[in-house]
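Reviewing the structure listed below.
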Amino acid sequence: MDHLDALESRSIYVIREAYSQYKNIGLLWSVGKDSTTLLWLCRKAFFGKIPFPVIHIDTSYKFPEMYKFRDEKALEWGLKLEVARNEKALAEGMCPEKGRLECCTALKTQALKDYIAEHKLKALLLGIRRDEHGIRAKERYFSPRNEDFKWNYKDQPPELWDQYKSRSEEEQHIRVHPLLHWTELDVWEYVKRENIPVTGLYFAKEGKRYRSIGCVPCCKPVDSTASSIDEIIEELKTTKTGERSGRAQDKETAYMMQKLRSLGYM
Amino acid sequence: MDDLRIVIVGHVDHGKSTLIGRLLYDTGSLPDGKMEEVRQASEELGRGFEYAYILDNLREEREQGITIDTAQIFFRTERRNYIIIDAPGHVEFVKNMITGASQAEAAVLIVDAGEGMQEQTRRHAYILGLLGIKQVVVAVNKIDLVGYSRERFDEVKSTLSAFLATVGVEPEHVIPVSAKSGDNVTSRSQKTGWYTGPTVIEALDAFKPLPKPVEKPMRLPIQDVYVVDGRRIFAGRVESGVIRQGDEVTVLPDPRKTKVKSVESYLKTKIEAEAGESTGITTTDKLFIERGHVLCSGTLPKVSTSFNAKVFWMGKEPLKNGEKVTLKLATQETGCRLEIHKKINSSTLEAIGGETLGNNEAAEALVTTDAPIVYEDFHTTPELGRFVLQKDNDIVAGGIIT
């Protein structure tokens, strides 16, 4: 087994543990490279057929390429695609100009809350990684959220030897993070090896590319000439720019990410 | 290049997060802007530059100057990729330290040159011994604050080494270090001319990744059963050995024999799966197999409803004598009770009395389970020799079978 095989096997183990404990589970698919990799691993874990819904939290501000990619792949891979939108907030004109914290909270966190409540989901699979952000470095594979959707980061459950927390009654749901141990470079090397499709936004055009994708108003491309997966891999081996440096919501104020995550942000 | 997971442990304020911050900085592993962010955060809180803030990202951690939760961070040297696990040194957060340490292949135990061995130094060392982490180096930190004194270093080294021997930890090196000023972390210090051993980074590079147990008898604990296109696939991770198409295997705990018809893999053809691999198999007959069953070949593991174990309790509520808890070992799960034979303070190692087993206490106990459990000795096959105990859906203890 090589490095990527080991990462893959560990993730599949976590995915299968999650499904064995919680039948009412969903996969959050942002259409980015990480959650698409997670989707790929789920297809492998269940031998082609993912037995739960794949949920896209749609703020309506995503890149057009992302919507196209989502619909094409959902059809091609036979996914049970569910699109969750906070229609009420959108109708009232919620947008980043009203404040990024407010916008992320209404269009992402609240949209997800509503979806979970409506479908009574007990667990969610998410493609976050420890190396993305200092706060995410402290996450568990199985991370409980309470009835108010809050992450109690000061009192997390112990995790030993691939034994994970079961749900207790007062908890709203468990967030499961099968990609926690991967790095950005690992993801790209795996995308290359497995031939996993990703949107064209990641590849450089006119000296710029997106390293992390989300909503159009809050994502800035980084300077780059990497126009293929091989070139991205080469770039990541030498770069000193942080992956989420183009993501505005991370740095609006100090501890913004901590605040967002403790309120239930992904 | 290989990967190595290293945990940094030791008493609160002895400099774990600072050492990691220094390692990341000196190896050029930090993204642009990180040093500036840390400088600003340090200033806002009225402190000098705090390397620890590189890892201590929670507001509460920075304000109080302590690490609350374990964090993992990645860096590389020319030799290999590292996953560094920072573990909190405060007595209140031992469960977070154990979470971090249980994922490590090697450890750095850090001790303050001035203060010497303290309560958590001893407890963390005991836990390293319990978890079976064999590759350990000791960093005697803040050597600058004792004037780079060889006498003080030797004193700390000898007291600590004597203690470590009692918990079965043999450090490969004891290194005089100043994480704050960078002495002997990634470059050799001019101020400790009397020290001839390796720097921290050289000592880390000399560690070895743990080999995958492919040579041992095959064990495949079943995680789940999926029906795909009418075929029943038994899914799980091979914990030791190799499973091949055509193999005769024994299903435990209630011994039955069957034969491997196929090794399944999506979009790939496979005929075998080895230790560490998540896989799925089908069998030639319609034997009933479910989660918790273990497929085995070669010498068979033990199957019993009672075994001796060492247990470390980390639940907020103590375990009452004879109280029922849930045991989870690989994918097996059953109710159990503990008969405590000996109870110790995990820092002083003194035997203690009392009917209950409380937070941070360790015990030697006889575990009696409701259903038969398939297990092995921790020191032979750790994957089937370790377990957790759960109470009200929370993990409250870790244990090893000896």
Side-chain angles (χ1 to χ4, degrees), chain A residues 1 3 5-13 15-17 19-20 43-49 51 130-131 133-140 153-169 171 180-181 183 185 194 237 239-243 245 251 254-255 257-259, chain B residues 1-3 28 30-34 37 40-41 44 54-55 57-60 68-74 81 83 95-96 98-99 102-103 212 223-224 226 228 233 235-237 264-267 274-280 291 314 328 331 382-383 386-388 390 392-396 398:
Chain A
M1 280 175 80
H3 174 66
D5 293 331
L7 294 176
E8 177 191 77
S9 270
R10 178 120 210 241
S11 298
I12 290 178
Y13 190 85
I15 293 164
R16 287 173 173 171
E17 280 301 282
Y19 183 62
S20 134
R43 294 175 76 216
K44 285 198 160 186
F46 303 107
F47 304 98
K49 201 165 177 209
R130 286 194 179 111
D131 79 324
H133 194 283
I135 295 293
R136 289 181 172 174
K138 293 186 184 284
E139 269 288 4
R140 298 284 191 271
Y153 52 77
K154 281 189 272 183
D155 188 16
Q156 297 204 72
E159 265 181 9
L160 281 85
W161 307 316
D162 288 334
Q163 298 291 356
Y164 306 108
K165 189 188 183 334
S166 306
R167 192 180 73 95
S168 50
E169 286 318 306
E171 270 137 19
L180 213 49
H181 54 292
T183 64
L185 184 59
E194 301 282 309
K237 284 181 175 165
T239 186
K240 294 200 78 179
T241 309
E243 178 181 10
S245 63
K251 34 176 110 98
Y255 311 111
M257 190 68 163
Q258 178 175 355
K259 225 176 284 167
Chain B
M1 271 221 278
D2 55 39
D3 285 0
L30 294 171
D32 288 344
K34 188 70 190 181
E37 188 220 313
Q40 272 179 17
E44 272 168 35
I54 294 170
L55 272 104
N57 272 282
L58 298 174
R59 178 196 286 265
E60 293 81 353
I68 292 174
D69 206 346
T70 182
Q72 296 195 12
I73 198 145
F74 304 79
N81 295 317
I83 298 111
K95 70 179 170 50
N96 296 339
I98 292 178
T99 294
S102 71
Q103 301 173 43
K212 287 274 174 211
Q223 253 184 308
D224 213 337
Y226 307 131
V228 181
I233 301 180
R237 180 172 62 195
E264 298 286 326
S265 180
Y266 183 57
L267 302 175
E274 62 175 47
E277 250 182 283
S278 284
T279 186
R291 180 179 168 92
M314 48 187 155
K328 286 165 88 176
T331 61
E383 293 79 7
R386 58 199 183 193
F387 60 87
V388 298
Q390 236 178 233
D392 305 327
N393 296 312
D394 277 319
I395 291 176
V396 286

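Computation of the quantities below employed the complete heavy-atom set of this structure, encompassing side-chain atoms and omitting hydrogens, waters and symmetry-equivalent molecules. Protein chains get the first letters and strands the later ones, always in sequence-line order, with residue 1 at the start of each.
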Which value, rounded to the nearest 0.5 Å, describes the distance between E8(A) atom CD and S278(B) atom OG?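 These two atoms lie 8.0 Å from each other.
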
Restricting to non-hydrogen atoms, name the atom on [X] and the atom on [Y] that form the minimum distance, rounded to 0.1 Å.
| X | Y | result |
| --- | --- | --- |
| T99(B) | P158(A) | OG1-CA, 3.1 Å |
| Y266(B) | R43(A) | OH-NH2, 3.2 Å |
| Q103(B) | E159(A) | NE2-O, 4.2 Å |
| F47(A) | E264(B) | CE2-CB, 3.6 Å |
| G276(B) | S9(A) | O-CB, 3.2 Å |

Does the side chain of [X] reach to within under 4.5 Å of the side chain of [Y], using non-hydrogen atoms?
| X | Y | result |
| --- | --- | --- |
| H181(A) | I83(B) | no |
| N96(B) | R140(A) | yes |
| I395(B) | Q163(A) | yes |
| R237(B) | D162(A) | yes |

Suppose we screen for side chain to side chain contact (heavy atoms under 4.5 Å, CB included). Which residues come up paired with T183(A), at least two apart in sequence or across chains?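 By the side chain to side chain contact (heavy atoms under 4.5 Å, CB included) rule, T183(A) matches D131(A), L185(A), D186(A), F74(B).
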
Quick one: do the R291(B) and S20(A) side chains pair a donor with an acceptor below 3.5 Å?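 There is such a pair (donor and acceptor under 3.5 Å, judged by atom type) between the side chains of R291(B) and S20(A).
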
ring-ring contact (aromatic ring centres under 6.0 Å, His included) partners for F46(A), two or more places apart: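 For F46(A) the ring-ring contact (aromatic ring centres under 6.0 Å, His included) partners, ignoring immediate neighbours, are Y19(A), F52(A), Y226(B).
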
Go through K328(B), E277(B), E274(B), R386(B) and name the one with the most non-hydrogen pairs under 4.5 angstrom from chain A.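 Between K328(B), E277(B), E274(B), R386(B), the count favours R386(B).
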
Residue, of T331(B), T279(B), V396(B), that accumulates the most heavy atom pairs under 4.5 Å with chain A: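 Ranked by contacts with chain A, first place is T279(B).
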
Heavy-atom proximity to chain A below 4.5 Å, by part of Q390(B):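 Looking at Q390(B), just its side chain touches chain A.
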
